[in-house]
Visitor: 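Sharing a structure below in structure tokens format, with a few things to ask.
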Amino acid sequence: LIEKLQTHFLSHSLQAKMSRPVQARRLEGIDKNIWVEFVKLAATYSKVNLGQGFPDFPAPDFLREALTRTLSGGNHMLHQYTRAFGHPPLVEVLAQFFEKLLGRDLDPMTNVMVTVGAYQALFCCFQALVDEGDEVIIIEPFFDCYEPMVKMAGGTPVFVPLRPNPPKDGKLMSSADWQLDPAELASKFSERTKAIVLNSPNNPLGKVFSHGELGLIAELCVKHDVLCISDEVYEWLVYDGKQHIRIASLQGMWERTVIIGSAGKTFSATGWKVGWVVGPDRLLQHLRTVHQNSVYHCATIAQEAVAQGFQRELMLYGKPESYFVQLPKELQQKRDWLVQSLDGVGMKPIIPEGTYFLVADISPFKSDVPDDPNSNEPYDSRFAKWMVKNKGLAAIPLSAFYSEAHKNNYTNFIRFCFAKEEATLKAASDILQKWKQEKTSS
Ligand code: PMP
């Protein structure tokens, strides 16, 4: 009898499982994700991983010491829940810091919220601000999660590309050569537009938007009463003396902008997943509703240690010892090193003005990875897979940062992450040089 009952329950539960659709409609069409595939490929085949964007050098001593102090110090309450919208010491120091950067008074309780990385900040923005039928303008190429996040909120992404202009006099291209066409950008704004996503410095190109470009975006936002979701996670990683300009500081923009930041990128500790939003209470109050009803808050000890990191940086603001001064200097050297080694083998780099990333033209290496006219996978994606499997070098295809409709317009580029130890960059350069030699001798 027991056996019969077991069989009955088993077949019943199987039937129940199989008879109804389990997937929510909002997930239709967004269930594929290139990171799952490329992270796995890199883990399986890569000897050198310049794919995903994280440093392989240690986070700064002062940050690690802050975490150790937090863990071993006397305050056992740091192991318990803290305030949902941000651990008080962290929102307080963030408010002080951003008061300096934006030149306006901020209330730590209403103008700042701490999130689980910039990722959750983005999620809160789309869930809180985008309705069914709203359009959200996304500048291509873009950090890939913007598109599914807009769709999950019921919105419609509207894409506008940065268009490359050929460099003059045989010079290497710069990320500044990728520009918006003002008329094309203006044509994307309509009554249905709720928001534009701006990412400066931009992942994957490393473009740092100029004052003029930001002015154009700001003018259109004000004219059409559109919000700006400003992803500024690479705000400190800007090179060659360039300035990162915060669009919220342009006229008419504070009221309509949410600034997003990340301790992961700011302090080279991407695994900590501490992020934040800064903006007017009028917008943040709705983000708080999403946050409160989804994750509540991120680890108290991580927030406490990041708060101590910011307190140090506030004291050293603008001084040579500041991490926010030192890190871009170090990364600029790494960028220059990778630019040189790529240029040396003919994989023409687009010199990035900021970020962890560099995009390079794979054209001279294409003969090793023949095209397959029957495949609808973009060529750069097949190239990157071939490269990691056959050469042990992991990178990310640029087409991954384009919408489905435009993926096949940009298939000659791959993205490298140069936030790596010198030895890692040297190993990558050795692989490329050997590959080049094999090509010339065959
Ligand atoms: N925005 C951009 C442009 C990014 O590149 C990343 C991380 N790769 C994020 C947001 C997410 O940041 P976090 O790790 O803090 O969630």
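Being a predicted model, the structure only gives us computed values, none of them experimental. Every number for a ligand or one of its atoms is a count from 1 in the order of the listing.
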Visitor: Give the atoms of ligand 1, by number and element, whose distance to some non-hydrogen atom of Ser262 is under 4.0 Å.
Guide: 13 (P), 15 (O)

Visitor: Give me the one residue out of Gln120, His286, Gln127 that meets side chain to side chain contact (heavy atoms under 4.5 Å, CB included) with His291.
Guide: Gln120

Visitor: Can you see which heavy atom on Thr266 is nearest to which on Trp276, and at what distance?
Guide: OG1-CH2, 3.9 Å

Visitor: Where on Gln120 is there a heavy atom closer than 4.0 Å to ligand 1, on the side chain, on the backbone, on both, or on neither?
Guide: neither

Visitor: If you count the atoms of ligand 1 from 1 in the order shown, which ones are under 4.0 Å from a heavy atom of Lys273?
Guide: 13 (P), 14 (O), 16 (O)

Visitor: Report yes if some N/O of Ala118 lies less than 3.5 Å from some N/O of ligand 1; otherwise report no.
Guide: yes

Visitor: With heavy atoms only and a cut-off of under 4.0 Å, state how Phe143 meets ligand 1: side chain, backbone, both or neither.
Guide: side chain

Visitor: Would you mind telling me if ligand 1 is within reach of the side chain of Val116, the backbone, both or neither, using heavy atoms under 4.0 Å?
Guide: neither

Visitor: I need the atoms of ligand 1 closer than 4.0 Å to a non-hydrogen atom of Asn203, numbered in the order shown.
Guide: 3 (C), 5 (O)

Visitor: For Lys265, state whether at least one heavy atom is located under 4.0 Å from any atom of ligand 1.
Guide: yes

Visitor: Go through it in stages, so that I can follow the logic: the residues are Phe126 and Val197, the test is side chain to side chain contact (heavy atoms under 4.5 Å, CB included), and I'd like the CA-CA distance, side-chain angles, deciding distance and then a yes or no.
Guide: CA-CA 10 Å; Phe126 295 121; Val197 187; 3.8 Å; yes

Visitor: Identify the heavy atoms of Gly261 and Ala118 that sit nearest to each other, and give their distance.
Guide: O-CB, 3.8 Å

Visitor: Does this structure show an ion pair linking Asp361 with Lys366, if we count only N-O contacts that are shorter than 4.0 Å?
Guide: no

Visitor: Can a non-hydrogen atom of Tyr356 be found less than 4.0 Å from any atom of ligand 1?
Guide: no

Visitor: Examine Thr270 against ligand 1 and note whether any of their N/O atoms are separated by less than 3.5 Å.
Guide: no

Visitor: Could you identify the single nearest non-hydrogen protein atom to atom 3 (C) of ligand 1 and state the distance to 0.1 Å?
Guide: Asp231 OD2, 3.3 Å

Visitor: Under a 3.5 Å cutoff, is there a donor and acceptor pairing between the side chains of Asp144 and Trp35?
Guide: yes

Visitor: Salt bridge or not between Glu140 and Arg163? Use side-chain N to carboxylate O under 4.0 Å.
Guide: no

Visitor: Are any of the N/O atoms on Asn199, whether in the backbone or the side chain, positioned under 3.5 angstrom from an N/O atom of ligand 1?
Guide: no

Visitor: What residue and heavy atom of the protein are closest to atom 5 (O) of ligand 1, and at what distance?
Guide: Tyr234 OH, 2.6 Å

Visitor: For atom CG of Asn376, decide whether the heavy atoms of other residues, nucleotides or ligands shown that lie under 6.0 angstrom number more than 12.
Guide: no

Visitor: May I ask you to check whether Asp56 and Thr424 show a side-chain donor-acceptor distance below 3.5 Å?
Guide: yes

